[in-house]
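See structure below.
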2 protein chains.
Amino acid sequence: MEKKREVTIYDIAKELNVSPSTVSRALKDHHSIGKKTKKAVLKLAEERGYQPNVIAASLRSNRTNTIGVITPWINRPFISSLISGVEMTANKQGYNVIISQSHDSYENEVANAKALYGSRIEGLIVSLAMESTNYDHFQKFLKKNIPVVFVDRVPDDINTTKVVINNYEAGFKATQHLIEQGCTRIAHIGGVRHRNVYKERMDGYVAALRQYDLTIDDNLIIESDRLSSEEGFRIAKYLLNLPERPDGIFSANDTAAVSLIKYAKSVGVDIPNDVAVIGFNNDPISTIIDPPLSTIIHPAIEMGKLAATQVLNREDQTDIVKSQTIMLDTELIVRESSRRVVIPKESITKA
Amino acid sequence: MEKKREVTIYDIAKELNVSPSTVSRALKDHHSIGKKTKKAVLKLAEERGYQPNVIAASLRSNRTNTIGVITPWINRPFISSLISGVEMTANKQGYNVIISQSHDSYENEVANAKALYGSRIEGLIVSLAMESTNYDHFQKFLKKNIPVVFVDRVPDDINTTKVVINNYEAGFKATQHLIEQGCTRIAHIGGVRHRNVYKERMDGYVAALRQYDLTIDDNLIIESDRLSSEEGFRIAKYLLNLPERPDGIFSANDTAAVSLIKYAKSVGVDIPNDVAVIGFNNDPISTIIDPPLSTIIHPAIEMGKLAATQVLNREDQTDIVKSQTIMLDTELIVRESSRRVVIPKESITKA
DNA sequence: TAAAGCTACGCAATCGATTGTGTTATCAAT
DNA sequence: ATTGATAACACAATCGATTGCGTAGCTTTA
């Protein structure tokens, strides 16, 4: 099988008796090329099925038209939606998106960053691994002025652009909602504290309790490093069997909240009347569980689009604005898992 | 801000008073380079933080170490898991993965294929858009001997490697299971017929009915082009209000099945005793719905890994085996949505 | 009519790594 | 001491596209 050589600008140049540079310029619609020549080049290029060699162009121009993405996993509702958003705007602007996953491991994250750096990506979008507390592996991008945008799970001590949701406010709203439903003993199922999203949701939770003069009971604040379905069951078992059972639970994700509801049902605890529950993320499962789970909406696709926009627009820009945090609002979705028939006390004022 | 030039083999060569070719060979552990020279080169490369320019190497060697993926969407449980699998094996072999989504549109699929072709990918993994019935846009890959592997939603008239599940058998098993539970009037919620997966699931369904001498009623066979949640409701409404209501329903995906169950519950139809239901995919929601949904397991991550393996191993291989279909087995998961207490009639023999 | 200004294009270097083809030492063998 | 073999490296072309600079030819202007 003979290798069919690709058509190059040289082939076209030779055939038209012009120079390769003329062909190159004609193809790029350069002003200094005559109309006739331009037309002839375009025509022949079309005929010969000319495909520009982006690799060669990349080498010369030092641009790859590619951005990279590092996320913990890609097969999770929130993250896959986020990546979907990234792909949409990148695609629209003619950029490729290279993905990689850290599996929540620091080592993988470092390895992925290194690989992407080697691939000469022009921008990087990262949602941090659960494990990561050191962020040096991103410095080489910044030093080379390659924009790095963090999304959702972001570091706090690095000077760059971040796209996040207002986790604090969301945590506050969720908790406040439970309070307004008459809950007074509210537990929180949270993630690891060193990860901004979980810390802030908890902070919001604590702040709400404070604002409404409710006691903060450390026994009701759980820190889980997984927030998986299994963890959800384990935690549910613990919380619902406490001597003084909580009457409201704010979970930092839907997965754990759903497991908790399932467990509650299995032991005859009434949701929402015995215990009101609210989750986080608005995963598909939240609408399926019975009773449907109240939750917080994450604008995942939007976040992806925004992150991509940030990365792409940061390019060849002066570094006046080095750091920036874009904070998106969330929305509280009240469903049956937390909607009580009881009228909240009048003493409670809306914030 | 001064542009820091990257360290090249020329820099290293100059500093060591050797030629760039020697540096290149030393870095690649070529045999014709002396130990001392090799060591010196490696040492200096390390010191200077040399990063090989993959673009330049690509241009010369005509290899990009990149594969492309085109899927309808990426934010769907099955597909994101599939991509996750692709990424894992590609990453392990040092390949990048560029993703793109067709949004189930033929036009997008064509555009994506074109873009990826331009990006000089070395392999392509595709799950077809719902719309696509023409596959010419993949021919240019095949002509250039770039491996194309189709996954799950595959064309039937193209000569290349495919990774699929045994949809026919799965459809058969699902239907047979309903029959064994005593259902005699079984409906099927299917997808568009021109898409292999849906056609085959339906074929399996029909075959099972035939084998057990049940009548095939066209009114009970629905073709939906979305199989969305909304469609599920619409179809549920239709099916459950038929004069002769079906007593079993096999849905080609979980989304529609779950909607159907929800609707059934809302109108007081007992699942599984009035109507037994089975879905397809084992989406997370299938375990959350009450009663839990029986379904068919798709080995999504495995399929992704396999597809990637196929693509990567097909390279620089002679084209002896041009076409190959790898068919994976599925598993029937019986949950409460289809488990009846009734003993199936003795007349029913297992296949 | 000569100087100045365009128009339309060609030349050749460049981006870095790779690789086929030399070219020198060095050493063993006769 | 001469030859052939081998080790260790250098040269230079190559992969295609891009681009700063240069120039021939034609037009315009004083």
Side-chain angles (χ1 to χ4, degrees), chain A residues 3-42 44-45 48-66 94 117-122 144 316, chain B residues 3-42 44-45 48-66 94 117-122 144 316:
Chain A
K3 292 254 175 183
K4 283 193 185 180
R5 272 220 328 118
E6 291 286 319
V7 182
T8 72
I9 54 171
Y10 294 92
D11 303 328
I12 296 179
K14 198 171 294 173
E15 202 162 343
L16 290 177
N17 275 322
V18 295
S19 76
S21 46
T22 299
V23 175
S24 172
R25 292 190 173 105
L27 290 170
K28 298 190 68 184
D29 202 30
H30 194 277
H31 65 272
S32 84
I33 301 296
K35 285 182 213 161
K36 289 176 194 168
T37 314
K38 210 174 277 182
K39 195 177 285 180
V41 168
L42 258 3
L44 191 62
R48 294 283 174 273
Y50 169 74
Q51 280 275 54
N53 187 324
V54 293
I55 307 292
S58 281
L59 176 59
R60 182 60 226 262
S61 62
N62 209 24
R63 309 204 51 233
T64 56
N65 266 61
T66 300
Y117 184 80
S119 294
R120 297 281 201 285
I121 55 170
E122 291 179 39
K144 264 197 68 180
D316 29 73
Chain B
K3 294 251 172 182
K4 283 192 183 178
R5 274 218 330 115
E6 291 286 319
V7 182
T8 73
I9 55 170
Y10 294 92
D11 303 327
I12 296 180
K14 197 171 295 172
E15 201 161 345
L16 290 177
N17 275 321
V18 295
S19 77
S21 46
T22 300
V23 175
S24 173
R25 291 190 171 103
L27 290 170
K28 300 190 67 183
D29 202 30
H30 193 277
H31 65 273
S32 83
I33 302 296
K35 285 182 213 161
K36 289 176 194 167
T37 314
K38 209 174 278 182
K39 194 177 287 178
V41 168
L42 259 3
L44 191 61
R48 295 284 174 271
Y50 168 74
Q51 281 274 56
N53 186 324
V54 293
I55 308 292
S58 282
L59 176 59
R60 183 62 226 261
S61 63
N62 209 25
R63 309 205 50 234
T64 56
N65 267 61
T66 300
Y117 184 80
S119 293
R120 297 281 202 283
I121 55 170
E122 292 179 40
K144 264 196 68 179
D316 30 72

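So you know, we letter chains A, B, ... as the sequences are listed, proteins then strands, and number each from 1. Fair warning: this is a prediction, and the values are worked out from it, not measured in the lab.
- Each of A/V18 and A/A56 lies near DNA chain C, and the nucleotide nearest A/V18 is the one positioned closer to the 5' end.
- In this structure, of D/dT19, C/dG10, D/dA12, it is C/dG10 that holds the atom nearest to the side chain of A/T22.
- The CG atom of B/L59 sits 6.0 Å away from the CG atom of A/N53 when rounded to the nearest 0.5 Å.
- A/L27 is listed as a side-chain neighbour of A/I9, based on a closest heavy-atom distance under 4.5 Å.
- Residue-to-nucleotide contacts include a donor-acceptor pair under 3.5 Å from the side chain of B/R25 to the base of C/dG20.
- B/S61 comes within 4.0 angstrom of no nucleic acid atom, judged by non-hydrogen atoms across all strands.
- Here the NE2 atom belonging to A/H30 is positioned 10.5 Å from the OG atom belonging to A/S21, to the nearest 0.5 angstrom.
- Listed nucleotides: D/dC9, C/dA8, C/dC11. Nearest to the side chain of B/I33: D/dC9.
- Using a 4.0 Å heavy-atom distance criterion, A/I9 is classed as a base contact.
- One cannot find a donor-acceptor pair under 3.5 Å joining the base of C/dC15 and the side-chain atoms of A/S58.
- Closest to the side chain of B/T8, out of C/dA17, D/dA17, D/dT19, is C/dA17.
- B/R60 has its CZ atom 7 Å from the P atom of D/dC15, to the nearest Å.
- Closest to the side chain of A/A57, out of C/dA17, D/dA17, C/dT18, is D/dA17.
- Listed candidates were C/dA17, C/dG10, D/dT18. Nearest to the side chain of A/S24 is D/dT18.
- A/N17 comes within 4.0 angstrom of sugar-phosphate atoms only, judged by non-hydrogen atoms across all strands, and of no base.
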